[in-house]
Amino acid sequence: MATLDIPQLRSMVAVATFSSVRRAAEALHLTPSAVSNHLRKLEKTLGTRLVTAQGRGIGLTSDGEELVARARVILTHHDDAIHALAPPGDSEFLVAATEHAAQFLVPSVVSTLNTLHPGREIRLRLTRSAHVRDLVHDDRADVALMLTRPARGSHAIAELPLQWFGTDDAPLDRLIFFTRPCAVRDQALASLTKTPHQIAKECPDLTGVLTAARHGLGVTPLPRLGPPPDGVSRIDALPPIPDVTLYAATSDRIDSMTRARIIETLRARVTADRRVDS
């Protein structure tokens with residue numbers, strides 16, 4: 001029977017999250033060739049194509065989408081087992097983040113940790129804000145990024161502007177959302193109280209949301225950070241969406257200097273992106 005390798009699954013999930021081998025490699029602190037090799041090995045093991053070129057980035061085949069959904073479950077159970085049965089490692093940090101913050105902010109956090117704590121292993125958990133808060137409250141996440149409802153000890157980083165995204169011919173009254181709970185979804189619906197709409201699709205992760213939007217099923221709200229995702233563009237015909245607050249929390253395993261540097265780096269990253277956007 002074929003066996004799926006945990007590091008390979010982490011690479012697959014990271015590529016799906018970032019839509020880029022290079023960005024996934026940066027987040028995982030690997031080389032792009034190592035991540036690409038992980039993908040090739042998964043495809044060989046399963047005997048099917050999992051990824052495909054999509055504009056400047058990487059897209060998923062239908063089998064790739066299926067694997068990513070299952071890989072998230074496998075990795076969650078794997079990591080939960082490690083944390084439940086093994087004592088915390090002195091040589092590792094766990095960075096947990098909402099998927100909405102992953103592509104542009106998590107690499108900055110990883111880079112800061114690598115600079116200040118060389119040699120530490122850094123593991124990523126990219127999930128929903130509600131799950132990120134749970135990891136903070138359970139004292140498992142060393143650095144956590146979440147939206148709207150902060151965990152205890154959180155620092156407000158910035159107000160993130162939200163924007164509708166979709167294809168040029170997407171029906172504007174059809175909406176694509178994360179499943180509840182989702183702060184971005186709540187803010188978007190609050191902006192449409194006087195605008196006819198219906199929910200066309202609900203997805204458990206960002207990969208599914210973007211895939212549905214790229215197929216023209218409707219429009220979706222996303223934080224306006226960096227360039228638009230490949231295959232969709234900004235939609236200005238709908239009412240503006242209220243901002244969401246990005247929060248960061250750190251564990252007691254993060255010293256005060258590192259905490260201050262992470263917060264400073266995140267705020268500078270958001271500020272720089274706004275300057276480019278304007």
Side-chain angles (χ1 to χ4, degrees), residues 5-39 68 71-72 74-129 131-146 151 153-155 157 206 246-269:
D5 185 75
I6 292 295
Q8 294 171 12
L9 292 178
R10 290 196 194 281
S11 289
M12 182 69 192
V13 170
V15 167
T17 299
F18 295 109
S19 297
S20 165
V21 169
R22 178 181 60 81
R23 287 173 176 158
E26 290 173 354
L28 294 171
H29 199 45
L30 297 172
T31 63
S33 60
V35 172
S36 295
N37 190 43
H38 284 169
L39 300 184
V68 168
R72 292 183 191 278
I74 291 170
L75 293 174
T76 295
H77 286 298
H78 173 273
D79 291 349
D80 286 346
I82 294 296
H83 282 287
L85 301 174
D90 294 331
S91 61
E92 67 178 16
F93 287 131
L94 174 63
V95 176
T98 170
E99 288 185 278
H100 286 304
Q103 184 170 359
F104 295 98
L105 300 179
V106 168
S108 297
V109 172
V110 172
S111 177
T112 299
L113 290 173
N114 283 330
T115 298
L116 298 180
H117 300 275
R120 288 280 190 114
E121 179 184 355
I122 299 173
R123 294 191 293 112
L124 300 181
R125 179 76 71 84
L126 305 177
T127 182
R128 310 290 291 278
S129 285
H131 297 156
V132 173
R133 282 188 290 274
D134 290 341
L135 292 170
V136 174
H137 292 155
D138 292 342
D139 195 31
R140 290 160 62 186
D142 292 295
V143 180
L145 305 180
M146 70 215 84
S154 296
H155 299 267
I157 300 301
L206 186 59
L246 172 71
Y247 292 92
T250 59
S251 72
D252 292 338
R253 294 180 291 275
I254 299 292
D255 61 85
S256 59
M257 183 188 72
T258 302
R259 182 184 304 112
R261 184 73 66 83
I262 289 172
I263 292 171
E264 176 187 358
T265 299
L266 288 170
R267 287 173 176 164
R269 183 73 177 87

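The closest donor-acceptor contact from the side chain of S111 to the backbone of P107 lies at 3.5 Å or more, if one exists at all. Between the side chain of D142 and the main chain of S251, no donor-acceptor pair closer than 3.5 Å is present.
Atoms CG and CZ, on D138 and R133 in that order, are 13.0 Å from each other to the nearest 0.5 Å. The NE2 atom of H38 sits 9.0 Å away from the CG atom of L28 when rounded to the nearest 0.5 Å. To the nearest 0.5 angstrom, E26 atom CD is 9.5 Å from S108 atom OG. To the nearest 0.5 Å, the span separating OG1 on T112 from CD on E264 amounts to 9.0 Å. Remark: R259 CZ to D252 CG distance equals 7.5 Å, nearest 0.5 Å. With rounding to the nearest 0.5 angstrom, the CZ atom of R261 is 11.0 Å from the CG atom of L113.
With respect to the salt-bridge test (charged N to carboxylate O, under 4.0 angstrom), the residues R253 and D139 qualify. Salt-bridge formation is not detected for the pair D134/R125: no Lys NZ or Arg NE/NH1/NH2 atom is positioned less than 4.0 Å from an Asp or Glu carboxylate oxygen.
Listed here is the closest heavy atom pair of P32 and A25: N-CB, 3.6 Å. Taking both residues in full, the closest heavy atoms of L30 and A34 are given as CB-CB, 4.3 Å, listed atom of the first, atom of the second, then distance. Among all heavy-atom pairs drawn from A97 and V106, the shortest one is CB-CG2, 3.6 Å. Considering every non-hydrogen atom in both V21 and S36, the closest pair reads CG1-OG, 3.5 Å.
Between R10 and R123, the closest side-chain pair of non-hydrogen atoms falls below 4.5 Å. Y247 has its side chain out of reach of V132: every pair of non-hydrogen atoms, C-beta onward, lies at least 4.5 Å apart. Residues I74 and I6 have side chains in contact (heavy-atom distance under 4.5 Å, counting atoms from C-beta outward). By the 4.5 Å heavy-atom criterion applied to side chains, T17 and V68 are not counted as neighbours. Between I122 and V109, the closest side-chain pair of non-hydrogen atoms is not below 4.5 Å. Residues H117 and D255 meet the side-chain proximity criterion, which asks for heavy atoms closer than 4.5 Å. The shortest distance between side-chain heavy atoms of T127 and R72 does not fall below 4.5 Å. Side-chain contact between L9 and H78 is absent, with no heavy atoms from C-beta onward closer than 4.5 Å.
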side-chain contact (heavy atoms from CB on, under 4.5 Å) between R267 and I263: does it pass, once the steps are laid out?
CA-CA 6 Å; R267 287 173 176 164; I263 292 171; 3.5 Å; yes

Are V110 and L124 close enough, and set up right, to give a side-chain contact (heavy atoms from CB on, under 4.5 Å), and what steps lead you there?
CA-CA 9 Å; V110 172; L124 300 181; 4.0 Å; yes

